[in-house]
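Below is one structure; the comments refer to it alone.
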Amino acid sequence: MDYVYGAIMVIAGLILFFSLSKENKIFYVAGAYFVVFGGWWIANGLTPNVDLFAGTWGIVFKCLTVVVLAVLIVVFVKEYRK
């Protein structure tokens, strides 16, 4: 199932990146994050002896997620207030 979830995330990222980025440039960041997230999930499925969501790699990924989400929240709040 890791491959299916990864593929769904990559497809969602590509949709954000190519289709919705014409509306707002922040979708480039969101799309890139989803592509990285999908690739991370696929890589986790390809390496059964290494859990990429735990340990140091998990912490790195969680920190990346926090940074991306913080940027997205700030931008969407600014857009909403307009």
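Note: Y28 and F17 meet the aromatic proximity criterion, with ring centroids under 6.0 Å apart. Taking the six-membered ring for Trp and the full ring otherwise, Y3 and W41 have centroids separated by 6.0 Å or more.
Applying the 6.0 Å contact sphere to OH of Y5 captures no more than 12 heavy atoms from other residues, nucleotides or ligands. The environment of F34 atom CZ is sparse: at most 12 non-hydrogen atoms of other residues, nucleotides or ligands sit within 6.0 angstrom.
Under the 4.5 Å side-chain criterion, counting only non-hydrogen atoms from C-beta, I26 is in contact with V71. Within the 4.5 Å cutoff, no side-chain heavy atoms of V66 are placed close to those of K62. Y33 places a side-chain heavy atom less than 4.5 Å from the side chain of T65.
A continuous path of hydrophobic side-chain contacts links M9 to L72 [ILVMFWY only; heavy atoms under 4.5 Å]. Residues F27 and F18 are members of separate hydrophobic clusters, defined by side-chain heavy-atom contacts under 4.5 angstrom among Ile, Leu, Val, Met, Phe, Trp and Tyr. Linking ILVMFWY residues whenever their side-chain heavy atoms come closer than 4.5 Å, directly or via other members, places V29 and F37 in the same cluster.
Evaluated for a side chain to side chain contact (heavy atoms under 4.5 Å, CB included) with L64, the options L69, V36, I59 yield exactly one hit, V36.
Taken from CG in L52 to CG in L46, the straight-line distance is 9.5 Å, to the nearest 0.5 Å.
N44 places no side-chain N or O within 3.5 Å of a backbone atom of D51 that could act as its donor or acceptor partner.
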